Amino acid sequence: MMKKIVLVLFVAMIGLSVKAQEKTAKIEFKTETVDYGEIAKGSDGVRVFEFTNTGNAPLIISNVRSSCGCTIPKKPEDPIMPGKTGEIQVKYDTNRVGPIRKAITVTSNADTPTKILKIKGEIKAASSGTK
């Protein structure tokens, strides 16, 4: 009986140590919302979401997509190694006057596989008085 208990405990300890050594990537964004503020029509619409891989395995971003065709995200092509930083570039079409409220969905191999990033702001018409 004692041998069975010791054996069960031994197997449980091995199982826990294997689980503890599991490597996972973790994505941590500097900010999950980029505020354009008020910008003029036709302004530079490129903004950047910076992130760090705080895990212990390479981070692979498999997909980045926006909620509409007016926002074009660009993902890093290479894996981001543990402790390293990367960026997701977003380009908004600033020829559209009005408020900006868009979401960007990031899919990766991180412990949280899906992250939603947001952009907001407002595009103002040229100051000639026409809209």
Side-chain angles (χ1 to χ4, degrees):
M1 181 67 175
M2 189 64 169
K3 284 184 180 180
K4 284 184 180 180
I5 292 173
V6 170
L7 180 63
V8 168
L9 287 174
F10 180 71
V11 169
M13 292 299 282
I14 288 176
L16 285 174
S17 67
V18 167
K19 182 75 173 162
Q21 292 174 4
E22 227 173 74
K23 293 187 179 282
T24 56
K26 293 184 181 187
I27 191 166
E28 193 171 302
F29 284 90
K30 196 179 244 184
T31 180
E32 293 185 15
T33 301
V34 167
D35 189 350
Y36 280 69
E38 286 187 3
I39 61 173
K41 179 180 177 180
S43 297
D44 179 16
V46 176
R47 299 295 185 272
V48 172
F49 287 94
E50 292 181 38
F51 63 88
T52 302
N53 178 0
T54 58
N56 56 9
L59 172 67
I60 299 167
I61 297 185
S62 54
N63 193 18
V64 179
R65 61 181 173 23
S66 70
S67 56
C68 80
C70 57
T71 308
I72 302 168
K74 183 180 174 192
K75 71 180 185 74
E77 295 302 319
D78 296 326
I80 308 301
M81 300 318 260
K84 299 295 180 188
T85 60
E87 61 182 40
I88 293 171
Q89 196 177 76
V90 177
K91 182 175 183 177
Y92 183 79
D93 178 4
T94 59
N95 287 317
R96 298 167 184 245
V97 174
I100 305 169
R101 300 280 182 276
K102 302 298 173 194
I104 294 94
T105 305
V106 179
T107 308
S108 72
N109 67 331
D111 60 343
T112 306
T114 304
K115 278 283 201 187
I116 306 293
L117 306 175
K118 296 178 180 137
I119 60 171
K120 65 181 185 175
E122 186 165 359
I123 311 288
K124 293 289 188 181
S127 58
S128 65
T130 58
K131 286 194 176 194

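Predicted, not measured: the structure shown is a model, and the values here were computed from it.
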Asker: Check for a donor-acceptor pair, side chain of Thr71 on one end and backbone N or O of Ser66 on the other, with a separation under 3.5 Å.
Answerer: no

Asker: Can you tell me how far apart NZ (Lys124) and CD1 (Ile39) are? Round to the nearest 0.5 Å.
Answerer: 11.5 Å

Asker: Does the Thr107 side chain pair with the main chain of Ser62, one donor and one acceptor, at a distance under 3.5 Å?
Answerer: no

Asker: Specify the closest pair of heavy atoms between Ile88 and Pro76, including all atoms of both residues, with the distance to one decimal.
Answerer: CG1-CD, 4.1 Å

Asker: Taking Asn56 for the side chain and Thr24 for the main chain, is one N or O donor matched with an acceptor at less than 3.5 Å?
Answerer: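 Side chain of Asn56 to backbone of Thr24: a pair is present.
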
Asker: On the ring face of Tyr36, is Arg47 found with NZ or CZ under 6.0 Å from the centre and within 45° of the axis?
Answerer: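 Yes, Arg47 sits over the ring of Tyr36.
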
Asker: Quick check: is Phe29 connected to Ile60 through a chain of hydrophobic side chains (ILVMFWY, heavy atoms under 4.5 Å apart)?
Answerer: no

Asker: At their closest point, which heavy atom of Ile116 faces which heavy atom of Ala103, and how far apart are they?
Answerer: CG2-CB, 4.0 Å

Asker: Using modelled atom types only, decide if a donor and an acceptor are shared between the side chain of Asn53 and the backbone of Lys26 within a distance under 3.5 Å.
Answerer: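 Pair found, side chain donor or acceptor close to backbone of Lys26.
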
Asker: Which pair of non-hydrogen atoms, one from Pro82 and one from Ala57, has the smallest distance, and what is that distance?
Answerer: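 Minimum heavy-atom separation between Pro82 and Ala57: CG-N, 3.5 Å.
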
Asker: Show the numbers, then the answer: is there a side-chain contact (heavy atoms from CB on, under 4.5 Å) between Asn95 and Lys41?
Answerer: CA-CA 5 Å; Asn95 287 317; Lys41 179 180 177 180; 4.2 Å; yes

Asker: Among Lys120, Lys115, Lys118, find the one that has a salt bridge (charged side-chain N to carboxylate O under 4.0 Å, His left out) with Glu32.
Answerer: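 Testing each of Lys120, Lys115, Lys118 against Glu32, the sole residue satisfying salt bridge (charged side-chain N to carboxylate O under 4.0 Å, His left out) is Lys115.
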
Asker: Got a donor-acceptor contact below 3.5 angstrom from the Asp93 side chain to the Gly69 backbone?
Answerer: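 Such a contact is absent between Asp93 side chain and Gly69 backbone.
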
Asker: Let me confirm one number: the NZ-CD distance from Lys74 to Gln89, rounded to the nearest 0.5 Å.
Answerer: 5.5 Å

Asker: Just by modelled atom types, is the Ile61 backbone N or O under 3.5 Å from a matching donor or acceptor in the Lys75 side chain?
Answerer: yes

Asker: Hey, could you give me the CZ/CD distance between Arg101 and Glu122, rounded to the nearest 0.5 Å?
Answerer: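 Interatomic distance, Arg101 CZ to Glu122 CD, rounded to 0.5 Å: 8.0 Å.
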
Asker: How close do Glu87 and Phe51 get, heavy atom to heavy atom, and via which atoms?
Answerer: N-CE2, 3.4 Å

Asker: Just wondering, are more than 12 heavy atoms of other shown residues or ligands nearer than 6.0 Å to CZ in Arg65?
Answerer: no

Asker: Output the distance between atom OG (Ser43) and atom OH (Tyr92), rounded to the nearest 0.5 Å.
Answerer: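 Rounded to the nearest 0.5 Å, the OG-OH separation comes to 12.5 Å.
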
Asker: Which heavy atom in Val97 sits nearest to a heavy atom in Ile123, and how many Å separate them?
Answerer: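 Closest approach of Val97 to Ile123, heavy atoms only: CG1-O, 3.5 Å.
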
Asker: Where do Val48 and Val34 come nearest, in terms of heavy atoms and distance?
Answerer: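 Minimum heavy-atom contact is O-CG2, 4.0 Å.
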
Asker: side-chain contact (heavy atoms from CB on, under 4.5 Å) for Thr105 and Val64? Distances and angles first, verdict last.
Answerer: CA-CA 6 Å; Thr105 305; Val64 179; over 6 Å; no

Asker: For side-chain contact (heavy atoms from CB on, under 4.5 Å), just list the numbers for Thr112 and Ile27, CA-CA rounded to whole Å, side-chain angles, deciding distance to a tenth of an Å, and then say yes or no.
Answerer: CA-CA 8 Å; Thr112 306; Ile27 191 166; 5.7 Å; no

Asker: Measure the spacing between CG of Leu59 and OG1 of Thr85 and express it to the nearest 0.5 Å.
Answerer: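 Here the interatomic distance stands at 11.5 Å.
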
